[in-house]
Amino acid sequence: MGNLFVNFGEAIAMLLFVIGFANLLLHKNLIKKIIGLNIMDSAIYLFLAEKGYIAGRGVPIVVDGVQKVEAYINPIPSGLVLTGIVVSVSVSALMLSLTVCLYRRYHTLDLDEISTLLRKEDK
Amino acid sequence: MDFVRNFPFFSIMLSMFAGILCSILPRRAARWVNLGAVGTIGALSAGLLGYLLKTGESYTYLMGHFPAPWGNEIRAGVLEAGMALFFCVIMLLSLLGGQKKLEEDVAEEKQSLYFILMNLLLSSLLALLYTNDLFTAYVFVEINTISACGLIMIRGTGRTIEAAVRYMIMSLLGSGMLLLGICVLYDLTGHLLMSNIKEQVALLAVSGEYHIPLMVCIGLMCVGLAIKSALFPFHAWLPDAYGYSTVSSAAVLSSLVSKGYIFLLMKLIYRVIGFEVFKDSHIIDVLFVFGLMGMIFGSLSAIRENDIKRMIAFSSVAQIGYIYMGIGMGTQFAMAASVFHILSHAATKSLLFVATAGLCDVSGGSKHFVDLTGAAYRDKWAGAAFSVGALSMVGVPLFSGFISKLLFAQAAVNLSGRMLPVLVVLGISTILNAIYFMKTVIRIYTPVKENGAKGNQDGRLLYPLVLCLFIALNVILGVNSQPIVDLIEQGLQMFA
């Protein structure tokens with residue numbers, strides 16, 4: 001239990017990941033699924049940012065000469081977060097455009113209802 | 001440094017730039033650029049394979065000027081180069097074979113977009129094969145997902161868009177888990193390059209420190225990739241995605257995209273986690289069991305299906321079960337059998353999809369079994385090719401499917417605990433395969449009275465030629481298997 005309070009940032013990130021994951025998997029509404037996707041991805045970025053920061057250290061930008069190693073944090077986790085954000089933005093855009101396509105055709109956002117309509121269309 | 005060592009980098013960049021070029025070119029020119037790029041990359045990979053066989057060792061290639069723990073790296077060995085060559089061959093044949101259907105299915109202004117997607121897909125597949133950096137692998141997994149989604153929905157019908165949405169949802173769940181696994185692993189080891197991570201993981205495994213987080217991240221990565229490559233309980237998106245998309249898409253998706261993820265998983269097992277650590281974890285048993293279940297339930301669903309393309313799609317589920325069973329057996333030889341099955345399944349499944357397109361064309365465009373009766377008489381080439389594919393899938397000697405079943409059985413005999421389940425399920429699965437594939441072959445060779453709708457065979461020299469090449473590929477894999485298996489084993493040794 002002690003560890004949980006020390007690493008509460010990571011614990012919250014995991015909680016958010018599970019919430020987002022369940023939303024993306026279980027919701028019928030497409031927009032809510034996309035929101036779930038964004039929660040899930042953001043949770044991972046929160047986890048990375050939380051892990052990448054060490055209290056008391058500064059950003060690794062050299063202003064007045066290089067100080068010793070302990071003065072800076074590792075910049076890679078922040079870089080990974082940025083890369084990840086780019087990826088998840090493009091994926092969300094793709095999902096939203098697909099949703100728009102489906103909504104224009106079937107006037108509903110419910111994925112199960114769309115499947116029923118499609119089956120009727122086939123017959 | 002030899003000039004040949006630049007080839008992996010050239011291949012990835014070439015397909016990417018070909019994609020960019022396709023966006024401004026008209027339809028026909030885009031098609032030629034795409035085919036040219038795929039062919040050139042195939043030739044480059046063949047050259048690289050020859051070079052690697054001569055030197056007999058793999059090499060790492062710096063991307064930029066920063067050495068090991070900081071910079072990004074590419075790594076090439078016999079297995080990677082061979083896979084790249086094979087992927088290019090299959091992609092080229094699928095594109096040529098599905099070309100006529102593509103012109104019918106896809107609106108004219110969208111066809112050049114299709115070639116952009118194909119190029120992007122190839123570049124992401126090549127990057128997955130060659131990369132030595134985990135985060136780069138993740139980014140290219142997402143690129144692969146996006147271009148695959150585009151390939152599914154390019155027809156623009158309601159069915160395909162819905163299939164694309166379902167595909168995206170499952171893949172995004174998978175890539176989320178993969179990303180989380182990579183992040184946890186990065187926190188545990190402090191590295192992103194595969195070779196550095198492996199050293200640290202070996203140290204962790206010896207000291208027993210952070211045992212649970214390590215197992216959690218192995219589990220997350222394995223399940224994430226299993227979802228993306230449609231292992232049995234996660235296959236719900238697959239039949240729609242393969243069944244309703246255009247032929248080249250279906251062939252490429254089933255034979256390359258899912259295989260790219262499986263190859264990445266093998267890479268993770270050998271080059272990141274380490275084979276011994278993976279073997280000691282219990283995740284290997286989970287993959288084994290789900291692989292076995294997939295082999296049976298995939299075939300059972302295929303038997304129930306009335307739509308020929310969806311039947312072939314369900315058969316993919318069963319075949320992916322075979323591959324995971326091989327991974328789950330946990331020996332070097334079983335892994336080599338899995339790699340061989342990747343090749344054999346890719347060659348056979350794309351052949352089946354392309355042949356099915358021909359059969360459906362001469363049956364009024366219908367995919368239902370009732371209308372397919374006697375289709376093999378209307379399009380002789382497609383009928384013969386479908387029969388070859390079906391025989392190969394069932395596992396008749398002379399064709400590639402037989403060799404992979406033989407290799408799996410041989411691998412199982414050396415194992416004490418897992419011999420019985422593997423052999424029993426292999427047998428059951430073969431019978432089930434035979435039921436639905438032979439049913440189809442008999443159906444298409446049943447003569448019908450009124451033979452009015454004879455297919456127009458003029459001006460279609462390309463299609464029979466592609467089918468012949470596919471059949472030849474299958475027979476080469478089936479007859480000349482020993483050198484290929486040796487190559488795979490050599491490649492796997494280089495891997496570790």
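In what follows, every chain begins at residue 1, and chains take the letters A, B, ... in the order their sequences are listed.
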message: Please determine whether the number of non-hydrogen atoms from other residues, nucleotides or ligands lying under 6.0 Å from atom OH of A/Y53 exceeds 12.
response: yes
query: Picking from A/L117, A/I44, A/V86, which has the most non-hydrogen pairs under 4.5 angstrom with chain B?
result: A/I44
query: For the candidates A/L80, A/L24, A/I34, A/D41, which exhibits the highest count of non-hydrogen atom pairs separated by less than 4.5 Å from chain B?
result: A/L80
task: Please state whether the rings of B/W237 and B/Y167 are parallel, tilted or perpendicular, taking 30° and 60° as the class boundaries.
output: perpendicular
task: Report the relative orientation of the aromatic rings in A/Y103 and A/H107; use parallel for angles under 30°, tilted for 30 to 60°, perpendicular for over 60°.
output: perpendicular
- prompt: Between B/F135 and B/Y138, is the gap from one ring center to the other below 6.0 Å?
  reply: yes
- prompt: Quick check: does any side chain N or O of B/R155 sit under 3.5 Å from a backbone N or O of B/Y244, one acting as donor and the other as acceptor?
  reply: yes
query: So, B/S249 and B/T246: side-chain donor and acceptor under 3.5 Å apart, yes or no?
result: no
Side chain from CB out, backbone as N, CA, C, O: work out which of these in [X] comes under 4.5 Å of a heavy atom of chain A, or both, or neither.
X: B/E162; answer: both
X: B/L192; answer: side chain
X: B/S175; answer: neither

Counting heavy-atom pairs under 4.5 Å to chain A, which of [options] comes out on top?
options: B/R159, B/M170, B/M153; result: B/R159
options: B/V139, B/L179, B/L173; result: B/L173
options: B/V165, B/I143, B/T145; result: B/V165

